[in-house]
Each structure stands twice: as structure tokens, then as C-alpha cells.
Number of protein chains: 2
Amino acid sequence: MVKENPPVKIPRIGQSVQGSQTGQPIMVLFDLIGRRWSMGILWNLSSQNRTFRDLQTRCGSASPTVLNTRLKELRAVGLVEKTDTGYGLTGSGRELFEVLEPLGDWAMEWAKDL
Amino acid sequence: MVKENPPVKIPRIGQSVQGSQTGQPIMVLFDLIGRRWSMGILWNLSSQNRTFRDLQTRCGSASPTVLNTRLKELRAVGLVEKTDTGYGLTGSGRELFEVLEPLGDWAMEWAKDL
DNA sequence: CTCGTTGCTACATAAATAGTAGCGGTGCGT
DNA sequence: ACGCACCGCTACTATTTATGTAGCAACGAG
């Protein structure tokens, strides 16, 4: 059985960008997915659903504390969901991943020159 | 005149991903640009070169401490450079931005439903 | 029942970031 | 020469966030 999500407070979301007019949504997104392990989580969930501990080892042994925090946040904004087979991407989560995907190829090229 | 970059140590880069086989370069990249304000900096430098203080206000008044740290890091990996007209993207920096750019449009759509 | 695994929480420590103040440099008007 | 306003940035402390380890309750298999 899958537990339902009680309200989750995401610290300082949206507040960090008060001053800037330029592209507010993107800055909010950056603030969200620019936290430690956020993108790694999305990336690792893209191919298949994963259990908590599976995710943990795949994310360079991120501490369970952060991992759980990130998962709560990502679920709060509807990018990740809890399923019977572990955590997985939602519809918009998958959308976001598709936008993010080309980064993989670029990173491969980029890694060649330090 | 533009000062040259002395060697910069980027904390824990690459080390956080020891355990994961899957796509190491992308995880290194995530670890780098997934730090606070990194992507915001790249984003704000994409349209034009900017001064330190200009960047600072555009990044939700990020503290000069972090901002300078991020700039050092991004320069160390050759994504950002110091020019006569302030900070700007290098060739690969611009490449990365182009990969990152679609996020802007997606974020606009995404922002509509919380 | 035991054994192993899973999803977490608790807690203390370490690291990253915020938030302010202020220094030296540069240019500009007087 | 002077003040004045900006600039890039460093120093320092306070707060937030992440790490690292231990461990608990729940489950399934044997």
C-alpha cells in the first residue's frame, strides 16, 4: 500500500527570486531542481521505478535524510510519485526529464576535456 | 585588465558519485551545476555579459560569498570567463546553455499548475 | 521464530550559504 | 586635489542544509 502525501513545506521556494523580473518560473525551477541530488533522482528514476535504498546507492550514497527530503519536495510539486514498485516519475516528471535528457550527451562530450 | 585564474579546488567534485556506474559524467555535471545559483548564473549570462553586482541582484540577491565561489568554480571548468565587460559564457558555456534553454519554456508551462 | 531487506526517523557533526560590513580600485564632477 | 559613487571582492558571524551513523517498525522468506 502506498501512503498519501501530507502537506510538505518546501523551504524558501519562490522567495529567493523576489528581485529578479527575468524569467521567474525558470528561477523557481532552478531553485527546486538545483538542490543536491534533485536532478540525480530524476535521472535515476527515468528508466524505471526504484526503491528508496536503490536510489540511495545510485546517488553516490546520499544520506537517507536528504534523499527523503528531496523525494518529499519532488512529490510535493508533482514530479515524482510513490508507487507499488517504489518511486517513479509522474507525467510532468517525465516531461521534465525529456527536456533534461540532452544534458547526458552533452556531459559525455564535455567530460573529455576536464 | 582581466586577472588570470589561479588553481581553484572544487569541493567534492566527482567524489560524490563513486558508487554509481550509470552515466558518471552526468552526475558530475549535476553535482557542479546543481549547486545554488549555478544554473541561474549561466542563465543570466546567456543574453549578455554581466558585472559581478549585476549578477548578484539578478540572482535574487545571492550573497557575494557564494556568487564568487560559483563564479570561480564555473571558471575553473571553463564554462564562464572574465572579460573586459564583466563575466561571460565561454564556448562550452554557451553550448551548455543551449542544451539548458528548453527548460525555460517548460518551466513556463509547469508554473501554471503550481 | 529468525534472518535479511526495506523505508524511513533521530541525532550529532560538518559543510554550504546567508547576511552584513568594509577594503582598495576606478572614474567623474568640482 | 577632493569627495562621491560605483565596482569586484574578502572577512566574519549566524543560519540553513547536508553528511554519517545508528536504529526502529514492517514485511517476506524460510
Side-chain angles (χ1 to χ4, degrees), chain A residues 1-6 8-20 27 30-41 44-45 49-75 80-88, chain B residues 1-6 8-19 27 30-41 44-45 49-76 80-88:
Chain A
M1 193 260 190
V2 177
K3 222 194 291 177
E4 279 314 320
N5 20 354
V8 177
K9 284 281 165 52
I10 307 186
R12 72 165 207 288
I13 197 67
Q15 305 201 338
S16 17
V17 212
Q18 294 298 350
S20 74
M27 292 308 260
F30 281 165
D31 189 15
L32 178 72
I33 70 173
R35 300 178 184 191
R36 204 161 291 170
W37 307 117
S38 298
M39 290 193 288
I41 290 172
N44 279 307
L45 290 183
N49 286 7
R50 300 208 181 273
T51 67
F52 188 92
R53 275 178 138 102
D54 188 9
L55 263 180
Q56 202 182 341
T57 57
R58 284 179 182 272
C59 290
S61 304
S63 68
T65 322
V66 223
L67 186 55
N68 192 36
T69 316
R70 285 300 98 85
L71 285 170
K72 273 183 195 159
E73 292 167 359
L74 293 173
R75 282 202 290 157
V80 166
E81 64 188 353
K82 221 174 178 179
T83 72
D84 295 342
T85 59
Y87 289 97
Chain B
M1 193 263 191
V2 177
K3 222 193 293 178
E4 279 315 318
N5 20 352
V8 177
K9 285 281 167 52
I10 307 186
R12 74 168 206 286
I13 195 70
Q15 306 202 337
S16 16
V17 210
Q18 293 299 351
M27 292 307 261
F30 282 164
D31 188 16
L32 178 72
I33 70 173
R35 299 176 185 191
R36 204 163 290 168
W37 305 120
S38 299
M39 289 191 287
I41 290 173
N44 279 307
L45 290 183
N49 286 6
R50 302 208 179 270
T51 68
F52 188 91
R53 277 177 137 100
D54 188 8
L55 264 180
Q56 202 182 339
T57 57
R58 284 179 182 273
C59 290
S61 305
S63 69
T65 322
V66 223
L67 186 55
N68 193 36
T69 314
R70 285 300 98 85
L71 285 170
K72 274 182 195 159
E73 293 168 359
L74 292 174
R75 283 202 290 155
V80 165
E81 64 188 353
K82 220 174 177 178
T83 73
D84 295 343
T85 58
Y87 290 98

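All chains are named by letter (A, B, ...) in the order of the sequence lines, taking the proteins before the strands, and each is independently numbered beginning at 1.
Between A/Leu71 atom CG and D/dA18 atom P there is a gap of 13 Å when expressed in whole angstrom units. Protein atom CG of B/Leu55 is 9 Å distant from nucleotide atom P of D/dG8, rounded to whole Å. Between the OH atom of A/Tyr87 and the C1' atom of C/dT6 there is a distance of 11 Å, rounded to whole Å. For the pair A/Arg36 CZ and C/dA15 P, the computed distance is 11 Å after rounding to whole Å. C/dA15 atom C1' lies 17 Å from atom CD1 of B/Ile10, rounded to whole Å. If you measure from atom NZ of A/Lys72 to atom P of C/dG7, you get 15 Å, rounded to the nearest angstrom. Across the protein-nucleic acid pair, A/Arg75 atom CZ and C/dG7 atom P stand 12 Å apart, rounded to whole Å. Atom NZ of A/Lys9 and atom P of D/dT16 are 15 Å apart (whole Å).
The side chain of A/Arg35 contributes no N or O atom lying less than 4.0 Å from OP1 or OP2 of D/dA18. OP1 or OP2 of D/dT19 has at least one side-chain nitrogen or oxygen of A/Trp37 nearer than 4.0 Å. Under 4.0 angstrom from either OP1 or OP2 of D/dC7 there lies no side-chain N or O belonging to B/Lys82. The shortest distance between the side-chain N/O atoms of B/Arg70 and the OP1/OP2 oxygens of C/dT17 is below 4.0 Å. Distances shown here put a side-chain N or O of B/Arg12 below 4.0 Å from the OP1 or OP2 atom of C/dA16. Taking 4.0 angstrom as the limit, B/Asn68 places none of its side-chain polar atoms (N or O) nearer than this to OP1 or OP2 of D/dG8.
Contact record, A/Leu67 with A/Phe52: CD2-O, 3.7 Å, taken as the closest heavy-atom pair. In terms of heavy atoms, B/Asn44 sits closest to B/Cys59 at ND2-SG, 3.7 Å. Scanning all heavy atoms of the two residues, the minimum distance from B/Met27 to A/Arg58 falls at CE-O, 3.9 Å. Of all the heavy atoms in A/Pro64 and A/Gln56, the pair that sits closest is CD-NE2, 3.5 Å.
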Between protein and nucleic acid, restricted to nucleotides 20-26 of chain D and to nitrogen or oxygen atoms under 3.5 Å apart, what atom pairs and distances do you find?
residue : atom : partner : partner atom : Å
D/dG20  : O6   : A/Thr65 : OG1          : 3.0

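Checked against A/Tyr87 for a side chain to side chain contact (heavy atoms under 4.5 Å, CB included), the options A/Asp54, A/Val80, A/Leu74 give a single hit: A/Val80.
Contact check for B/Arg70 versus B/Leu55: no side-chain heavy atoms found under the 4.5 Å cut-off.
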**OP:** Apply the test side-chain contact (heavy atoms from CB on, under 4.5 Å) to residues A/Ile41 and A/Glu73: give CA-CA distance (whole Å), side-chain angles for both, the deciding distance (0.1 Å), then the verdict.
**Re:** CA-CA 12 Å; A/Ile41 290 172; A/Glu73 292 167 359; over 6 Å; no
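Of the listed nucleotides (C/dC8, C/dA16, D/dC9), D/dC9 has the atom at the smallest distance from the side chain of B/Phe52.
Taking for each of B/Thr69 and A/Asp54 the nucleotide of DNA chain C with the nearest heavy atom, the 5'-most of the two is the partner of A/Asp54.
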